[in-house]
2 protein chains.
Amino acid sequence: MDIDRELKKRQLKVTPQRQAILKVLSQSDAFINAQNLYTKVLEVLPGTNFSTVYRNLDTLVSKDLLCRISRENGGDLYKIRSEEGHHHHVICKGCGATIVIEFCPMDTIREKLEDVGFVPTDHRFEIYGYCKKCKDKSMGNI
Amino acid sequence: MDIDRELKKRQLKVTPQRQAILKVLSQSDAFINAQNLYTKVLEVLPGTNFSTVYRNLDTLVSKDLLCRISRENGGDLYKIRSEEGHHHHVICKGCGATIVIEFCPMDTIREKLEDVGFVPTDHRFEIYGYCKKCKDKSMGNI
DNA sequence: CCTCCAATTGCAACTTATTTGCATTTGCAT
DNA sequence: ATGCAAATGCAAATAAGTTGCAATTGGAGG
Ligand SMILES: [Mn+2]
Ligand SMILES: [Mn+2]
Ligand SMILES: [Zn+2]
Ligand SMILES: [Zn+2]
């Protein structure tokens, strides 16, 4: 991923902080929370402020550079967005690994919502569980 | 809804605080957040402590007496659970009104997850938008 | 290269939404 | 009526961000 190019494409200034954030995120395709991300960003660019990280997470999500999900407990998770277009995720609670789902349940019910006059603006569909690796590990295999 | 009966059925003690919480929630089928609920509970049972409300929201969700959803911003929403069995929601961002969806997208992809060895433990599917009433209001009709 | 200015950052204080430890009270089974 | 686990109240703590503002800086234009 060409970080600078992606930022410029979206008319965002190329700052060391943004480069650090995206560098960290591009080194893993697992979801990560803002605090952990902040810790890792500090290793790449010491002195970075955490409000800068939070502000940029918002910015980068709104510019479609990141995927964000928010879990039941609270605490959002972020990952770099490598896929084009609308999609959903399967997320491993063990290691954070993800599987992308192209299937969107909205397709199935959009029509029914129209019938009752409901105008959908957004939706969420996420699946949590354990991937093969994490499941095997917890069962003492491997 | 017979509040006392539902509590006893789940081996929860019938306390004035729980009665107040469930009374408030049973007077509306819209989702509401914990703070607003707390305010309304105070009207029914002055002096109720907010940590009691929070603790009971957790308890009541875990006993399937309430539905909980958590939005992107943070701040969970609760409503009484009148439906039997697994279901999802369409939620109006204007008035909080809900539509229950029986359709569950998990049915469509459970098999595919099995194929890759992923064991799902839970999932989320929610649709947000504006109901007919709220949409009309915002457009100056009615 | 230099200039300029909106965009971005750092800092600190604030907020919101809970959560937790502990002493006291209470529902309810016996 | 009694006993005690469950539930509550209170206060303090925490987690996860958010915000106002002054200082800094990326990068467009000259
Ligand atoms: Mn895993
Ligand atoms: Mn509505
Ligand atoms: Zn979708
Ligand atoms: Zn479902």
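Residue numbering restarts at 1 for every chain, and letters A, B, ... go by the order of the sequence lines. Every value quoted in this text rests on a predicted model; they were computed, and no experiment measured them.
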Self-check item: Spacing of A:Arg10 atom CZ relative to C:dT8 atom C1', expressed in whole Å
Solution: 18 Å
Quiz item: Looking at the side chain of B:Phe50, which of D:dT18, D:dC10, D:dA12 is the nearest nucleotide?
Solution: D:dA12
Exercise. Could you let me know what C:dT8 is paired to, Watson-Crick or G-U wobble, both distances under 3.5 Å, or none if it's on its own?
Key: D:dA23
Practice problem: For B:Asp4, report the nucleic acid contact type (base, sugar-phosphate, nothing); a contact means any heavy atom under 4.0 Å. | Solution: nothing
Quiz prompt | Spacing of A:Leu22 atom CG and A:Gln17 atom CD [to the nearest 0.5 Å] | solution = 11.5 Å
Quiz item: Going by heavy atoms in the side chains, are A:Val100 and A:His89 under 4.5 Å from each other?
Solution: yes
Quiz item: Hey, does B:Asn56 reach any base, or is it just sugar-phosphate, or nothing, if we go heavy atoms under 4.0 Å?
Solution: sugar-phosphate
Self-check item: From C:dT9, C:dA17, D:dT25, nucleotide with atom closest to B:Gln35 side chain
Solution: C:dA17
Practice problem: Give me the ring orientation class for A:His123 and A:His88: parallel if the planes are under 30° apart, tilted from 30 to 60°, perpendicular past 60°. | Solution: tilted
Quiz item: Can you tell which of C:dT18, C:dT8, D:dA7 lies closest to the side chain of A:Lys13?
Solution: C:dT8
Quiz item: Starting at CD of A:Gln11 and ending at P of C:dA6, how long is that distance when rounded to a whole Å?
Solution: 16 Å
Practice problem: Would you please confirm or rule out a distance under 4.0 Å between OP1 or OP2 of C:dT26 and any side-chain N or O of B:Gln17? | Solution: no
Quiz prompt | Full working for side chain to side chain contact (heavy atoms under 4.5 Å, CB included) between B:Leu12 and B:Asn56 | solution = CA-CA 10 Å; B:Leu12 294 171; B:Asn56 273 309; over 6 Å; no
Quiz item: Given atom NZ of A:Lys8 and atom C1' of C:dA7, what is their separation to the nearest angstrom?
Solution: 16 Å
Practice problem: Both distances under 3.5 Å, Watson-Crick or G-U wobble: report the partner of C:dT30, or none. | Solution: D:dA1
Quiz prompt | Euclidean distance, atom CG of residue B:Asp58 to atom P of C:dT20 [Å, nearest integer] | solution = 9 Å
Quiz item: Does A:Ser51 put a side-chain nitrogen or oxygen below 4.0 Å from OP1 or OP2 of C:dG10?
Solution: no
Exercise. Please tell me which of the listed nucleotides, D:dT8, C:dA6, C:dG27, lies nearest to the side chain of B:Thr15?
Key: D:dT8
Exercise. Choose from C:dA17, D:dG9, C:dC28 the nucleotide whose nearest atom is closest to any side-chain atom of B:Tyr54.
Key: C:dA17
Quiz item: Nearest to the side chain of B:Arg18, which nucleotide is it out of C:dT9, D:dT8, D:dG26?
Solution: D:dT8
Quiz item: Would you say the base of D:dG17 and the side-chain of A:Arg55 have a donor-acceptor pair closer than 3.5 Å?
Solution: no
Exercise. Between A:Val14 and B:Thr48, name the one whose nearest nucleotide on DNA chain D is closer to the 5' end.
Key: B:Thr48
Self-check item: Over 12 foreign heavy atoms within 6.0 Å of CD, A:Gln27
Solution: yes
